[in-house]
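Just below is one structure, and these are the notes that go with it.
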2 protein chains.
Amino acid sequence: MSRTSSTGLQLIGNHFSGEGDQLFRAFDPVQQQWLPTEFREATTGEIDTALTMAAKAFIAYKKTTSLQRAAFLQAIAEEIISLGDELISVASSESGLPLQRLQGERDRTTGQLRLFANTIAEGSWVNARIDTGTPDIRQMQIPLGVVGIFGASNFPLAFSVAGGDTASALAAGCTVVFKAHPAHPHTSHLVATAIRKAVMRTQMPEGVFSMVHGTSHETGQYLVAHPLVSAIAFTGSFKGGKALYDTATRRAVPIPVFAEMGSVNPVFFLPGILLEKGPALAMQLLQSVTLGVGQFCTNPGMFITPSADAAAAFISTLQQGIGHATGGPMLTPGILHAYQQGLDYLQQEGVQVLGAAQTVPDQATPYLLQATAANALEKPAICQEVFGPSSLHIHAGSIEEVYTLARKLEGQLTATIHGTEEDLREHAGLIDILREKAGRIIINGFPTGAPVNHAMVHGGPWPAATPAAGTSLGTAAIYRFCRPVCFQDFPVYLLPPELQDHNPLGIWRLVNGTFAKMADS
Amino acid sequence: MSRTSSTGLQLIGNHFSGEGDQLFRAFDPVQQQWLPTEFREATTGEIDTALTMAAKAFIAYKKTTSLQRAAFLQAIAEEIISLGDELISVASSESGLPLQRLQGERDRTTGQLRLFANTIAEGSWVNARIDTGTPDIRQMQIPLGVVGIFGASNFPLAFSVAGGDTASALAAGCTVVFKAHPAHPHTSHLVATAIRKAVMRTQMPEGVFSMVHGTSHETGQYLVAHPLVSAIAFTGSFKGGKALYDTATRRAVPIPVFAEMGSVNPVFFLPGILLEKGPALAMQLLQSVTLGVGQFCTNPGMFITPSADAAAAFISTLQQGIGHATGGPMLTPGILHAYQQGLDYLQQEGVQVLGAAQTVPDQATPYLLQATAANALEKPAICQEVFGPSSLHIHAGSIEEVYTLARKLEGQLTATIHGTEEDLREHAGLIDILREKAGRIIINGFPTGAPVNHAMVHGGPWPAATPAAGTSLGTAAIYRFCRPVCFQDFPVYLLPPELQDHNPLGIWRLVNGTFAKMADS
């Protein structure tokens, strides 16, 4: 592993800074040892400087064209690739995730940057609306300002320094102060250096991106409470997201927090499909539950069957399968500890163990648990997320109980239904209930795996996310960091090109109520 | 004035209810007397019933087609017209607003309902996004649920029972529980009966709209805190909006509050145009300040000039003009009292009186006040909204001071700049600053008068509104009450028509990243 003198420091604008004296190190969960590199926690002075530079950079950055920002995002993707294998090996040692998974995640990250680059380069994303009456009114989306972004532990690349939140904020024209996740500081450092190179190469204003380290809640809270921040993006636990939300909404000037806080992602199995292919579905479910040691926001943490008869072969296959499932090291000792505590809690609450894999020291053991629908309705706490490779089977006594359970669900990132055509036609009402509960509804699939495209929604009603009207994946994520503004009776020399009569950018616009790509007639 | 036995009661679903024993009456600010009709405050039980019916109605209402909802909105407009002159005379007696103004406001209200009807009938508003890969993902906007809406005092028709918030919520597919403004309960009652008739005529589910009366903050807070409410819309004071925001964000399940809380709507005059046509601008400004006794959210409560020399003729015209300006009765005695208190406060803080109209008992007197930019920078409180026919002249010592003042402004609904072409080209930087401060930027016009169309933004950064990314006027207002959901691998028989391959509604969609109106190829 190569070392540079800047490793361990904050990136403030294009410069590295190490004013603080609080040090921390990352832990290798596979080798079960602390990694050698020491990182410095950011001081409040360093955070102030990063934010001041970000606010100043915003004045220039908001005036860049979509094409300039697209080139910047493309350059970030290229510089990430240029980091080469070091990025993958460092990320693996800090997260315990396998190299192949991290190579895939790097592709996802660069693909995401390029997707946003292409979207803004096309230009129609600004939602231009023109009404040419008297007065003449023209609306478009403009960036909010400086965005504070918190990296997630479970995707050290795709939901971290140059992940979807950063990509969508920079695409929108916002500047970013990034709070690195303390579980993968070196990975974060490398990606930050890639962004720094892209900033300099594409001549973006210094301060458009800064990154600070910190292990304490205070660092994060300081960032959220700071008057120069206009919005926050966060991916992580409910507890973490809720704490930031509370701070942001109690500020003198409240700001939006776009928090993705996870969910149990219920999977409903209908009777016909259970009879038709219960054992095959059981194997697919097990694979989804244990994929990546269950460390996905969309891990199926709960599945529901409507009757003992229909589910018999499905359940017995699960019981056999779970014994042969493989767990693995988790991202951090804290996450492993929380997983074990979650399983203990469920068992204390009377939840049965349906089966478990073999225990390996310092690794997460895959578990299947079981409760009745009556238990779940009586004690909703047993339906809350246990982050890791386990899933809770809810055994309903009847299809009516399945509906009741669905109605009582709290907000989810995803909800899934498995059924034959006959099942699905008969239970369209169940799908209708689930539509109110989640951001993504899946038929005959599994929630793990969320493609990044234009149509994806990764979000949902509280407590899965806030606000419900947001997504942290897909190109619609850009709208979190924008607001509409309208220009009344502006002479053409003051109008942004997006709103000029002759439509110089050739974008789609709503002109006097009609979508058009031509110049105004 | 005709009387019906239901007047004074809540409208709960399609039935009138009067369980409470707390009575109140409206006040006629022109006649200076209490009006005879007694209204009953809603009990918490009545609010519970309204919300329970609204939640039940939502299950059916969200499944109505856009065309069905468009017919419902059209029917509401028709039924409002059918109320005839009684609506206008009742509204005038309760608000003190002239008949002609209220006739215009009725047109605005019915026009707004029809604009939303046409927008949803066209259908593209759902922002359909289709990615046909593996998996197949299809996104559209869906309604949030039950919306609680608070009527404003200053537009007893257009920002009240069937105003823009109700129109956009019903258009989106949300059901509504409306809290009537206690200053115009009889007007509210009449419009509610019109909506009731439209509900029955177009066979909308009972409970899609209910209206409750209440004079206390408790009634409003009870509605906002209720678990069955999914979003709140409010137009009124900062204090009122902030109280609802605090309640909504501290709930166990927080909900969004779309609050339009007013602003001072600064108007900047640049040197060239002051020299060129200062006196004409002064007369136009006076008209805007005193229009409707200054009772508009977009009233220009502050105007800024850069130098004494350039502004001399402008100011002397203002001083002459204000003496001949006419005030009038305000909407309520409370609003008149607050206006007078606001003026007293400014004078206590050392703000000069530039001129005033003649005082008439029980009426608001138009005022022009004056402070230096240094005063305003030192005491930002003097720049806060005084609701009524007054405006504060900020007399800057230099153009640099104008920029400094602009940078220090808090969030505004509107910001206006008057300038010659030379002024505007020279001070594009000022426009750039103001773009960050307001939802609508106006060149060479006045902020009063906000057309309802597709491009209008009536909102802005805190404290003008929350969230900054919203508008309470114009067709984009519908998105406040929606969230995106995506459907993964749905068979065609389960997909909403908006997302089916053959595009049966013929709407614009983003298909694999390209806007298209045709069926998928």
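In what follows, every chain begins at residue 1, and chains take the letters A, B, ... in the order their sequences are listed. Predicted model only: the values in this text are computed from it and were never measured.
- No part of A/P463 comes within reach of chain B, as not one of its non-hydrogen atoms sits under 4.5 angstrom from that chain.
- Among the candidates A/E422, A/H427, A/E421, the single residue satisfying the side-chain hydrogen bond (donor to acceptor under 3.5 Å, both in side chains) test with A/R425 is A/E421.
- Judged by distance alone, the side chain of B/T249 and the main-chain N or O of B/Y245 form a donor-acceptor pair under 3.5 Å.
- In this structure, the portion of A/Y493 lying under 4.5 Å from any heavy atom of chain B is its side chain and not its backbone.
- A/N127 does not touch chain B: none of its heavy atoms, backbone or side chain, sits under 4.5 Å away.
- Judged by distance alone, with hydrogens and angles left aside, the side-chain atoms of A/R251 form a donor-acceptor pair with the main-chain N or O of A/V253 at under 3.5 Å.
- Using a 4.5 Å cut-off between heavy atoms, A/K63 contacts chain B through its side chain alone, with no backbone atom that close.
- Within the 3.5 Å criterion, the main-chain N or O of A/W125 finds a donor-acceptor partner in the side chain of A/Y479.
- The interface of residues 436-443 of chain B with chain A, defined by heavy-atom distances below 4.5 Å, comprises B/E436, B/K437, B/A438, B/G439, B/R440, B/I441, B/I442, B/I443.
- Between the side chain of A/R138 and the backbone N or O of A/L499, at least one donor-acceptor pair lies under 3.5 Å.
- Both the backbone and the side chain of A/R435 come within contact range of chain B, each with at least one heavy atom under 4.5 Å from a heavy atom of that chain.
- Considering only heavy-atom pairs separated by less than 4.5 Å from chain B, the leading option among A/I142, A/V457, A/D489, A/T134 is A/V457.
- Per-residue counts of heavy-atom pairs under 4.5 Å with chain B were compared for A/M140, A/K242, A/R250; the largest is that of A/R250.
- The two residues B/F487 and B/P496 have their closest heavy-atom pair at CE1-CG, 4.0 Å.
- Taking the side-chain contact (heavy atoms from CB on, under 4.5 Å) definition, one finds that B/A248 meets it with B/V224, B/I255, B/V257, sequence neighbours left out.
- Side-chain atoms of B/N118 never come within 3.5 Å of backbone atoms of B/F116 as a donor-acceptor pair (strictly under, hydrogens ignored).
- Using a 4.5 Å cut-off between heavy atoms, A/L494 contacts chain B through its side chain alone, with no backbone atom that close.
- If you measure heavy-atom distances from A/T471 to chain B, you find no contacts under 4.5 Å at all.
- At distances below 3.5 Å, not a single donor-acceptor pair connects side-chain atoms of B/T514 with backbone N or O atoms of B/L510.
- When each of A/P256, A/A476, A/P135 is scored by its heavy-atom pairs under 4.5 Å with chain B, the top score falls to A/A476.
- Options B/G445, B/A428, B/P461, B/P467 differ in how many heavy-atom pairs under 4.5 Å they form with chain A, and the most are formed by B/P461.
- With a 4.5 Å cut-off on non-hydrogen atoms, A/I137 touches chain B through its backbone and its side chain both.
- Side-chain N or O atoms of B/D131 include one that pairs as donor or acceptor with a backbone N or O of A/H454 at under 3.5 Å.
- Not a single donor-acceptor pair under 3.5 Å links the side chain of A/T119 to the backbone N or O of A/T475.
- Judged by distance alone, the side chain of B/Q139 and the main-chain N or O of A/A455 form a donor-acceptor pair under 3.5 Å.
- Of all the listed residues (A/D432, A/N444, A/I431), the one sharing the greatest number of non-hydrogen pairs under 4.5 Å with chain B is A/D432.
- Contact annotation: the side chain of B/D423 approaches that of B/I273 to within less than 4.5 Å [non-hydrogen atoms, C-beta and beyond].
- For A/P484, the parts sitting under 4.5 Å from any heavy atom of chain B are the backbone and the side chain alike.
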